[in-house]
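When a ligand or atom number is given, it counts from 1 through the structure's own listing order.
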Amino acid sequence: MPRPTKTVFVCQSCGYQSPKWMGRCPDCGQWNAFVEEVPASPTREGLPGSMGQPESINAIELDPELRLKTRVLEFDRTLGGGVVPGSLVLIGGDPGIGKSTLILQVTGKLAGEGFKALYLSGEESPQQIKMRAERLGINSENLYLLTGTCLEELFDRIDRLEPDLLVVDSIQTVYTEALPSAPGSVGQVREVSSHLLTWAKRTGVPTFLIGHVTKEGAIAGPKVLEHLVDTVLYIEGDRSHAFRILRSVKNRYGSTNEIGVFEMKDTGLEEVGNPSRIFLEQRPQGVSGSAVIPCLEGTRPVLVEIQALVGPSPFGMPRRTAIGVDHNRISLLVAVLGKRMGMEMGDQDIFVNVAGGLRVDEPAADLGIVSSMISSFLDRPVDMKTVVFGEVGLAGEVRGVSQPGTRIKEAKKLGFARCLLSRSNLEACPPTKGIELIGIESVKELMDALF
Ligand code: TYD
Ligand code: MG
């Protein structure tokens, strides 16, 4: 009698393996995530080939022209200046956010410049992709479409076509025959990705993997994939808004937290070169509850409007709703206002929103949130030409944040005439012509400076 194949139970969220089924993963805490799989034959991840001889770091030459420019500037910027040959890039995001659209546009651009691109789709037919390509105005001889889900077949086609660029849309649909588990399981995703990684490094062909994000907001098998690939980009955005933010969360070839801003139009994703202008375009004039902050997205300053609506709660159960900013931060700032300024908002409904669907996680936004809440509470509009930034501490003190100069410059560029910032930031900044800088030490000083 043949011995039954040994199986393991693998957590589909983090890849933790256990010989027995468990309800809850001891590693990542996910419930009901274990699936029985046959373990993969051990593969060697990382750089392939035989080991060379040690070389002095000074003897290694860099070719500055190494990166491929896709000419989608926002995409190039997010990648750190273009696509690096042999890199494996994962693009994640919610379904329908625009992953296939973006990657098709990028591949179309490169194909137009003579790069032979292969686009493997496990989700859509060639006709569907062709229809999308027509909307995007892509027609290049060099863009090859392929549908299917088997990795072995893909490598066969690759050997014959010898592409300069490969797209796999999506990684969760592709499987290798070496494993019996279903496509999309952690085992498959890891195995397929590591084969593609080895191939990309061997041939120097840049490879893009599209990854779906699960309900919980993580790419299926997130840890497995994220440590394997060179670069992880996320497309974020509210589907009810047209803006899409491409964010780099891991990059072996550039800085992380770099963003690219796009707007979804009926002809695809259009680059937004000056996001501040767009985010402020529809700002209401002379209305209370609105404050503008210069926040930093990667190395890039972006001006955003924070809106607040504070009003008596009709039900005696005050509501706190935060869209685009941290919910706990609002509660904290409300407490600070009550204690330090005697501005009791405990019995008020408070809604805070970042206009345009952006998410701001920086503490520098604190002063903006506070200003918009005060403005709404008192029903007094903040001066239209004023921006504010700074972190607010529990004692009501206003603290300095990074790169004040960059923020001030952006505000000035967009025509703002006054900037409220922490005193420590003010001391570090040389006076700037055309914009008045006002340093404040605590939220108490806000009242005089804001209105
Ligand atoms: P898609 O790129 O297929 O999303 P994903 O691959 O991330 O699942 O499509 C995203 C949405 O964008 C889809 O609902 C239709 C819309 N869209 C446009 O608004 N304009 C366009 O030009 C295209 C191609 C799509
Ligand atoms: Mg898609």
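The protein non-hydrogen atom at the shortest distance from atom 21 (C) of ligand 1 is Arg135 NH2, 3.3 Å. Among protein heavy atoms, the minimum distance from atom 4 (O) of ligand 1 is reached at Gly98 N, 3.2 Å. For atom 3 (O) of ligand 1, the nearest non-hydrogen atom of the protein is Arg132 NH2, 2.8 Å. Considering only non-hydrogen protein atoms, atom 6 (O) of ligand 1 sits nearest to Ser100 OG, 2.6 Å. For atom 14 (O) of ligand 1, the nearest non-hydrogen atom of the protein is Gly96 O, 4.2 Å. Atom 2 (O) of ligand 1 has as its closest protein heavy atom Thr101 OG1, 2.5 Å.
Interatomic distance, Leu90 CG to Lys250 NZ, rounded to the nearest 0.5 Å: 9.5 Å.
Salt-bridge annotation for Glu410 and Arg300: absent, with no side-chain N of the basic residue lying under 4.0 Å from a carboxylate O of the acidic one. For Asp361 and Arg359, the salt-bridge test passes: some basic side-chain N is under 4.0 Å from an acidic carboxylate O.
Using a 4.0 Å cut-off to heavy atoms of Thr267, the atoms of ligand 1 that qualify are 22 (O).
Not a single N, O or S atom of Thr101, from either the backbone or the side chain, sits less than 2.8 Å from the Mg ion (ligand 2).
For atom 12 (O) of ligand 1, the candidate residues are Gln128, Gln105, Met264; the nearest heavy-atom contact is made by Met264.
Of the N or O atoms in Leu136, none lie within a sub-3.5 Å distance of an N or O in ligand 1. Where the criterion is an N or O separation shorter than 3.5 Å, residue side chain and backbone included, His212 fails it with respect to ligand 1.
Of all the heavy atoms of Ile235, none lies under 4.0 Å from any atom of ligand 1, so neither backbone nor side chain is involved. Contacts with ligand 1 closer than 4.0 Å are made by heavy atoms of both the backbone and the side chain of Lys99.
Annotation: cation-pi geometry not satisfied between Arg247 and Tyr234 (NZ/CZ under 6.0 angstrom from ring centroid, within 45° of ring axis).
Donor-acceptor pairing under 3.5 Å is recorded for the side chains of Glu305 and Ser290. There is a side-chain donor-acceptor pair under 3.5 Å between Ser288 and Asp379. Counting only N and O atoms by type, the side chains of Ser313 and Gln348 include no donor and acceptor under 3.5 Å apart. Between the side chains of Glu123 and Ser170, at least one donor-acceptor pair of N or O atoms lies under 3.5 Å.
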### Task
Apply the test side-chain contact (heavy atoms from CB on, under 4.5 Å) to residues Val168 and Phe208: give CA-CA distance (whole Å), side-chain angles for both, the deciding distance (0.1 Å), then the verdict.
CA-CA 6 Å; Val168 176; Phe208 292 96; over 6 Å; no
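Using a non-hydrogen distance threshold of 4.0 Å, Pro95 registers as a contact of ligand 1. Contact between Lys265 and ligand 1 is present, with at least one heavy atom of the residue lying under 4.0 Å from the ligand.
In this structure, atom 23 (C) of ligand 1 has protein heavy atoms in its sub-4.0 angstrom surroundings.
Summarising the geometry of Gly108 relative to Ile138, their closest heavy-atom pair is CA-CG2, 3.8 Å, with the distance given to 0.1 Å.
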